[in-house]
Amino acid sequence: MLLCTVPTANYSNRICKIVRFFVSFSSSCALRTIDFVEESSTHDCDYIKLQRRTQNYATSGHFRKALETLSSMRNAPGKPTVYDYNSLMYCYLRSRNVLLEELVEVYLGMKRFGPAPNALTFNVLLNGMLSLGNLKDMFFVANEMCGSGFVPSFTMLLKVLKKSLELGSLDCSLGVFRLMLRLEYFPTEPVLNLLISLLTKARMIREAYSVLSALLGKGYFCSVYSYNLILWALCKSGQSYAALELFCLMKKKGIVQNVCTYTALVYGFGREGLGVDLFRCLNIMQSDGFKPNLRTYTIIIKFLCDAGRVEEALEYLDRMEREGCDPDLITYNIILRELCHQDKVGKICELVQVIDQRGFSPNPYTYAALAGGMLKVGKIGMAHKILLDVIARGCTLDVAVYNIYFNCLCCDYRSREALSLLKSMMEDGFTPSIVCYNTILKGFCRENSIEEALELMDSFEWENKGPDVVSFNTILSAACKQGNSSLIQRILFRMEHEGVELNVVSSTCLIQYFCTVGKFSECLKLMEYMMRNGPTPTTIALNMLLDKLCKSGLLRSAHGIFEYLRNTACVPDTTSYNILIRAFRREGALVGREAINCSPAEGSDAREWAYSKYCNLQYPIEGNVPERIVELATPTSSEFPEKNKPLISMHEFFGQKWRALYQPPNKEIAAQLYVQNIMSSLAIPGFQTVDIGDIVTTTAIIIFSYLASFKLGRLMSLYPGNSWSQLRIMVYVCIPAWQVDAPRSTILMIRNAKSSVPFGICVSPLPNSWIEFAVEYLIVDMIIIQDCSPCAVSWLIAVCLFCCSCSGSPYAELLRHAWGEPLSIMASACS
DNA sequence: GTCGAGGTGA
């Protein structure tokens with residue numbers, strides 16, 4: 001609904017003053033009535049003189065004198081006329097020192113005692129107020145004009161609307177807009193767009209939309225630009241599905257959409273992590289005949305990077321260039337940031353070179369991407385070095401870059417140094433942001449100086465923006481981790497006192513506190529309260545609770561709560577499964593061959609399926625799901641029944657060597673070094689790296705060879721039946737989309753082999769613990785690999801290939817073809 | 001004309 005406060009600034013006072021003026025004015029006129037007849041012959045001549053004198057006084061800004069002169073016209077009958085008043089106002093408005101209040105007083109006096117204001121009166125006043133920029137009075141006069149039966153012109157109201165937009169008054173702008181609409185005046189498109197734009201920037205999207213729909217209701221045609229403004233606002237505020245509805249409405253209304261329209265949706269879906277919708281929208285955009293532009297591509301790249309799919313992002317970068325849509329520094333900065341997050345040193349160097357070759361100079365965002373990204377993966381020293389270097393070189397930096405620098409110091413347990421640096425920078429004119437203060441608070445908390453952090457919070461010059469909920473949560477979190485209840489109470493009291501409301505992060509901290517001190521019942525009460533009244537607990541809170549319950553030996557309770565919550569808004573993620581599966585394993589709950597002797601149904605979630613195998617076999621939840629999660633708080637006494645030991649533990653055999661094999665080469669560079677090490681230590685004659693793909697393939701070959709050279713005999717002796725043909729390994733290889741393309745040959749091969757060798761491929765993220773599980777119980781029928789580590793994927797593929805080829809399987813030929821030379825090395829090792 | 005990037009809390 002459009003709202004507008006009608007400016008009624010204390011007019012009663014003014015009316016009192018003006019009444020006094022008009023009363024004395026009238027009585028002085030009455031006293032002189034006797035003289036009227038004698039003086040009438042001279043009146044015409046005097047009147048013209050008085051008119052001129054009034055105008056002169058008014059023009060030179062002597063308002064009171066002008067008004068007195070005007071009042072002396074009363075000697076002439078019917079004078080002063082409304083035109084005299086208008087003339088006075090007009091001239092006074094041309095003077096330099098105008099007090100609008102005086103004009104309003106005169107207007108109110110005219111209204112009350114006459115002569116009645118006419119259309120010109122209002123126009124004179126409006127024009128004057130427009131040039132002086134007094135919105136309150138301007139809106140008042142416009143309303144008065146309508147109320148007096150005059151119609152302000154379209155031009156006049158448009159000017160008023162423009163002025164109020166220029167001055168940023170949304171209330172007034174909306175008021176004028178409504179007034180215009182009442183008079184069937186439609187603002188011009190630029191003015192309308194300015195109004196919508198200002199409203200959306202003030203997060204008044206609903207109001208912006210009501211402006212649009214009010215116009216549509218009057219049959220006005222709104223252009224695609226107006227729609228796009230609202231579409232973008234919806235997408236930027238996490239309402240992409242609402243944006244989609246608007247998008248459909250546009251189509252229905254026959255609005256010709258443009259690239260910017262589609263790009264808004266692409267942005268919205270990407271921002272909310274809705275990849276399927278994003279790419280669907282991209283396809284629709286292209287089939288509708290629109291080519292993605294620089295911004296569209298940048299948004300897609302940002303989405304991919306945020307999802308860790310940097311290889312795909314790089315493919316889009318290539319695609320842009322192929323299509324003649326050159327990336328700019330924004331595009332590069334986005335990729336650079338993600339490459340840093342993934343610690344891909346080689347690619348970072350390459351990209352930095354490309355940026356340089358394209359003639360771009362690094363900007364503060366570039367430095368933030370590099371240093372911030374490195375800091376996030378724990379390379380504090382490197383981040384610190386980069387920033388020291390750019391500071392020393394006098395590069396233009398901004399507050400965000402300095403915040404990363406402060407964070408570097410704090411992560412290095414140098415919070416005090418960060419604080420004193422901040423103080424000295426402030427003396428030199430640096431204006432810190434709220435993030436800066438919060439970073440330093442976090443540093444102090446990290447160094448266990450929570451009390452000091454609280455004192456600091458008081459001493460910071462927050463201006464009027466803080467401390468905010470993040471500041472409080474920073475300290476609250478530290479207090480909760482310590483289990484310091486009195487400190488927690490103090491913080492909560494402060495928050496209440498300062499009007500800072502608890503949010504979902506604050507509540508999660510409290511959940512952590514209850515878990516830390518073992519008050520599970522309190523914790524569950526809080527969770528339940530949050531589920532009923534909000535904010536809904538997040539997966540992080542769920543995981544925290546599960547972890548603490550499991551670590552306290554309350555696996556059955558954890559399992560029950562998990563089952564209960566998974567059907568609510570609190571959705572479990574990979575970590576949730578990890579926690580439970582680890583706990584099951586710790587408690588001796590074995591998943592052996594018999595546990596997983598079937599495959600997940602076509603199209604089902606392998607993670608869910610495997611989890612259910614664990615749970616149903618080992619800890620079935622009996623009875624109905626309780627009504628309230630608090631009922632799950634008390635664990636039963638027989639939580640962990642004894643379970644069988646694994647028939648064969650490959651863990652005993654593979655031991656630490658296998659762990660070492662799969663753990664270090666998580667990162668590409670480490671993997672390369674690792675490969676070189678193994679190659680030199682193996683010293684297999686005639687061994688060559690086969691360049692059929694990427695590091696994944698190469699690493700797989702190396703490990704493959706390693707297994708062939710050193711482990712075969714022992715493996716065979718340990719395996720029951722001593723026959724490779726009996727070895728059945730079912731592999732659910734989880735390969736995220738970015739890897740599917742890389743080792744294409746490998747995937748293809750496994751797919752071909754799938755019909756008779758028990759391989760399976762599942763493309764969906766899976767928990768890390770399952771890799772560990774696979775390492776420990778390699779003989780069981782399932783190996784599931786998580787998404788990220790190329791090396792982990794490759795060695796399991798390698799193991800499988802190795803086993804298959806050794807058994808003299810009909811696929812040996814296929815494998816030999818695909819793997820070439822190393823396979824023959826392996827074959828000779830076998831013999 | 002409308003549109004894309006970095007830094008703080010669980």
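Each chain gets a letter, A, B and so on, in the order the sequences are listed, and its residues count up from 1. Every value quoted in this text rests on a predicted model; they were computed, and no experiment measured them. Hydrogens, waters and symmetry mates are skipped; everything else that's a heavy atom, side chains included, is used.
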Looking across every strand, which nucleic acid part, if any, lies under 4.0 Å from T538(A) by heavy atom: base, sugar-phosphate, or nothing?
base
Qualifying residues under side-chain contact (heavy atoms from CB on, under 4.5 Å), relative to T200(A), sequence neighbours excluded
I196(A), A208(A), A233(A)
Within residues 476-499 of chain A, which residues have any heavy atom lying less than 4.0 Å from an atom of DNA chain B?
S477(A), K481(A)
So what does T263(A) hit on the nucleic acid, given a heavy-atom distance under 4.0 Å: a base, only sugar-phosphate, or nothing?
base
Chain A vs DNA chain B, heavy-atom contacts under 4.0 Å, first-to-last nucleotide span, 5' to 3', is dG1(B) to dA10(B)
Within residues 232-248 of chain A, the residues having a heavy atom closer than 4.0 Å to DNA chain B are W232(A), K236(A)
Run the side-chain contact (heavy atoms from CB on, under 4.5 Å) test against R446(A) and tell me which residues pass, sequence neighbours left out.
C411(A), Y413(A), K442(A)
In terms of side-chain heavy atoms, does Q239(A) have a donor or acceptor partner in S237(A) at a distance below 3.5 Å?
yes
For R490(A), all residues meeting side-chain contact (heavy atoms from CB on, under 4.5 Å), sequence neighbours excluded:
E451(A), L454(A), L487(A)
Side chain of D328(A), backbone of T331(A): donor and acceptor closer than 3.5 Å?
yes
How far does CD1 of I450(A) sit from CD1 of I491(A), to the nearest 0.5 angstrom?
7.0 Å
If you round to the nearest 0.5 Å, how far is CG of L370(A) from CG of L339(A)?
9.5 Å
Any residue of residues 435-443 of chain A with a heavy atom less than 4.0 Å from an atom of DNA chain B:
V435(A), N438(A), T439(A), K442(A)
Using side-chain contact (heavy atoms from CB on, under 4.5 Å) as the criterion, list what pairs up with Y225(A), not counting sequence neighbours.
E189(A), N193(A), S223(A), N258(A)
Nearest 0.5 Å, what's the CG-NZ distance between L336(A) and K344(A)?
13.5 Å
Base, sugar-phosphate, or nothing: which does I540(A) touch, judged by heavy atoms less than 4.0 Å apart?
base
Could you note down all residue pairs passing side chain to side chain donor-acceptor pair (under 3.5 Å) where residues 241-255 of chain A supplies at least one of them, sequence neighbours left out?
Y241(A)-D277(A), K251(A)-Q257(A), K251(A)-Y262(A), K251(A)-D288(A)
Can you list, in residue-number order, the parts of residues 368-393 of chain A that come under 4.0 Å of DNA chain B, counting heavy atoms only?
A368(A), K376(A)
Would you call R393(A) and D389(A) a salt bridge, using N to O less than 4.0 angstrom?
yes
Hey, what do you get for CZ (F186(A)) to SG (C222(A)), rounding to the nearest 0.5 Å?
9.5 Å
Ignoring hydrogens and angles, write down the donor-acceptor pairs under 3.5 Å from the side chains of residues 350-361 of chain A, residues two or more places apart or on other chains.
unit_1  : atom_1 : unit_2  : atom_2 : d
R358(A) : NH1    : E321(A) : OE2    : 2.5
R358(A) : NH1    : Y332(A) : OH     : 2.9
R358(A) : NH2    : E321(A) : OE2    : 3.3

Salt bridge (Lys or Arg N to Asp or Glu O under 4.0 Å) partners for K379(A), two or more places apart
D343(A)
